Amino acid sequence: MDKDLSKNLDFFREKNDLDEVIKILLNKKKDNPKNLDLIFQLAGAYRSLGNFDAALLNYDEILSYDETYTAAYRMIGTIINHKKNGKYLEKIEKIKEKNNLSLDKKIDLYFSLGKAYEDLGEKEKSAHHYIFANKAKKEITKYNFKIHKEHFEQIYEIFNKIDFKNKKISISNNKNVIFFCGLPRTGSTLFENILASHKEVYSGGELPYLNRLVKKYFAENAKLSENKIFNHLNNKNTDFVDDYFKNLLGHNFLEKNITDKQLDNFRWIGIIKLFFPNSKIILCKRNYKANAVSIYKNNFSSGFYNWTNDPEDILNYIKYYNKFISFWKKTFPNELFEVEYEVLVNQRDLIIKEMLNFCELDWDPNCLLFYKNKSPIKTASAFQARQPIYDSSVRTDDILFNNIFLDQDFNNI
């Protein structure tokens, strides 16, 4: 795809203006109606907005031109149940046998087959396909957990030396930020969708600004700099915070509160508490076994998530996440609100009220109708987060877990 077009689309996606993204893509499609990458982007925009019928029509259009455009099958699997819609599985199995497919395409197909056979209740077969897909992807990325280990240890060491009690900067702003932090696939999209259904809350989604600005203001030689953090604090320098809120202006929202659901901001909770002392931080939690399986079943596009393709890497990442969260809870007692997915499912009204109270928001019955929220959802949970809560989602799939994580010890996380 043309670089200028991609840059333009990324700009509007970042601002959550998917209507403009669709408008641009439809205009481009008039000139090039068989550009499959354009159609794929269009389908993705419809999917994020909850227009799943339009998304499926566009994915089908792609496959009518090229049955080996395998990413379409993978995305179709995120919005259909193959047990209810059996038109795709036979095609995927047939295409899998082609000899000229790239490894990337095979990865898409095997993730698709994992989801299809899971829908059909054939869990052993499903696990086999997920395992193949993840091993193949790790073969491509050559990922080594040492990258994350060194990163986590370095920033943990810095935060462990900071006295947070008397270092906070007072910031005056008419907008409040609600940060959602956690592991992927913990129900965070659901939690955000519930809160963003409130009349005083705007759904920001996975905002890249905090991580981008931490690198800009507080990094040196690609590592977090203790000196730069203290220089800002000691000089009461608000450039970092001002820059963050300047980025938020591009969203043109009227609500008093905005959510920031960039989950790996759990690394920066110390910085959030220092520079955004009036913000709220919600931690997203789920049963670790169910969480690990869900992570493994998804093909994440960002290189930051290359740790998700290996059971041992997943377990190690969860351990480091817990190390950080234990530290933050000790450092900021009663200042973090942890939402457990399983508890929310079983005690929906109570937990929603507690979450609203923590965020200092009045009761809004729209929060119970979160599945009607039209805010864009750009994550893998775009379909699930627009459905009413169902208790079957809290069960750990023991067959998948035992096949995938057989050699990993989850008892001492």
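Keep in mind the model is a prediction, meaning the values are calculated, not measured.
Look at Lys329 and Glu335 and you find no salt bridge, because none of the NZ, NE, NH1 or NH2 atoms lies under 4.0 Å from a carboxylate O. Using a cutoff of 4.0 Å between basic side-chain nitrogens and carboxylate oxygens, Glu14 and Arg212 are scored as salt-bridged. Under the 4.0 Å criterion applied to side-chain N and carboxylate O atoms, Lys87 and Asp60 are assigned as salt-bridge partners.
Applying the ring pair (Phe, Tyr, Trp, His ring centres under 6.0 Å) criterion to Tyr209, with sequence neighbours excluded, gives His251. Under the side chain to side chain donor-acceptor pair (under 3.5 Å) criterion, Lys7 pairs with no residue at all, not counting sequence neighbours. Partners of Ser188 by side chain to side chain contact (heavy atoms under 4.5 Å, CB included), not counting sequence neighbours, listed by chain and number: Thr186, Lys261, Leu263, Cys284. Taking the side chain to side chain donor-acceptor pair (under 3.5 Å) definition, one finds that Asn411 meets it with Asp409, sequence neighbours left out. Annotation: salt bridge (Lys or Arg N to Asp or Glu O under 4.0 Å) contacts of Glu340 (sequence neighbours excluded): none. Qualifying side chain to side chain donor-acceptor pair (under 3.5 Å) partners for Tyr110, counting only residues two or more places apart in sequence or in other chains: none. For Phe179, the ring pair (Phe, Tyr, Trp, His ring centres under 6.0 Å) test picks out Phe276, with sequence neighbours left out. Applying the side chain to side chain contact (heavy atoms under 4.5 Å, CB included) rule to Asn32 yields the partners Asn35; only residues at least two apart in sequence or on another chain are considered.
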Q: Using the salt bridge (Lys or Arg N to Asp or Glu O under 4.0 Å) rule, take Glu118 and Lys115 through it: C-alpha gap first, then chi angles, then the decisive distance, then the call.
A: CA-CA 5 Å; Glu118 185 180 1; Lys115 171 60 164 57; over 6 Å; no

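For the residue pair Tyr117/Glu124, the side-chain donor-acceptor check at 3.5 Å is not satisfied. Counted by atom type alone, Tyr341 and Asn346 present zero donor-acceptor pairs between their side chains at under 3.5 Å. Donor-acceptor pairing under 3.5 Å is recorded for the side chains of Tyr217 and Asp243. A donor atom on one side chain and an acceptor atom on the other are not found under 3.5 Å apart for Tyr69 and Asp108. Side-chain contact of Asp242 with Thr238: a donor-acceptor pair under 3.5 Å is present, judged by distance alone. Counted by atom type alone, Gln262 and Asn211 present zero donor-acceptor pairs between their side chains at under 3.5 Å. No side-chain N or O of Arg13 forms a donor-acceptor pair with one of Ser48 less than 3.5 Å apart. Under the 3.5 Å distance criterion, with hydrogens and angles disregarded, no donor-acceptor pair is assigned to the side chains of Ser225 and Asn227.
Taking both residues in full, the closest heavy atoms of Ile158 and Glu226 are given as CD1-N, 3.9 Å, listed atom of the first, atom of the second, then distance. Between Asn291 and Arg185, the shortest heavy-atom contact is ND2-O, 3.2 Å. Counting all heavy atoms, side chain and backbone alike, Ser203 lies closest to Thr259 at CA-OG1, 3.4 Å. Minimum heavy-atom separation, Trp328 to Phe266: NE1-O, 2.9 Å.
To the nearest 0.5 Å, atoms CZ (Phe253) and CG (Leu248) are separated by 5.5 Å. Summarising the geometry, atom CG belonging to Leu207 is positioned 9.0 Å from atom NZ belonging to Lys15; distances are rounded to the nearest 0.5 Å. Lys256 NZ to Lys175 NZ: the interatomic distance, rounded to the nearest 0.5 Å, is 10.0 Å. Taken to the nearest 0.5 Å, the CG atom of Leu213 stands 10.5 Å off from the CG atom of Asp239. Taking CG of Leu274 as the start and CD1 of Ile162 as the end, the distance is 6.0 Å to the nearest 0.5 Å. Between the CD1 atom of Ile178 and the CG atom of Leu195 there is a distance of 4.5 Å, given to the nearest 0.5 Å.
Annotation: cation-pi pair Lys323/Tyr156 present, NZ/CZ under 6.0 Å from the ring centroid and within 45° of its normal.
Atom NZ of Lys289 has 12 or fewer neighbouring heavy atoms from other residues, nucleotides or ligands inside a 6.0 Å radius.
For residues 20-31, the set of pairs meeting the salt bridge (charged side-chain N to carboxylate O under 4.0 Å, His left out) definition, not counting sequence neighbours, comprises Lys29-Glu61. Sorted by first and then second residue, the salt bridge (charged side-chain N to carboxylate O under 4.0 Å, His left out) pairs involving residues 188-198 (not counting sequence neighbours) form an empty list. A side chain to side chain donor-acceptor pair (under 3.5 Å) check over residues 299-308, counting only residues at least two apart or in different chains, returns the pairs Lys137-Asn299.
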Show me the side-chain donor-acceptor pairs of residues 356-363 shorter than 3.5 Å, one per line, residues at least two apart or across chains.
from	atom 1	to	atom 2	distance (Å)
Asn357	ND2	Lys353	O	3.3
Glu360	OE2	Lys280	NZ	2.6

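Ring to ring, Phe304 and His148 are close: their centroids are under 6.0 angstrom apart. Taking the ring centroids of His232 and Phe218, they lie under the 6.0 Å cut-off.
The aromatic rings of Phe405 and Phe410 sit perpendicular, their planes meeting at an angle over 60°, well past the 30° parallel limit.
Judged by distance alone, with hydrogens and angles left aside, the side-chain atoms of Asn85 form no donor-acceptor pair with the main-chain N or O of Asn81 at under 3.5 Å.
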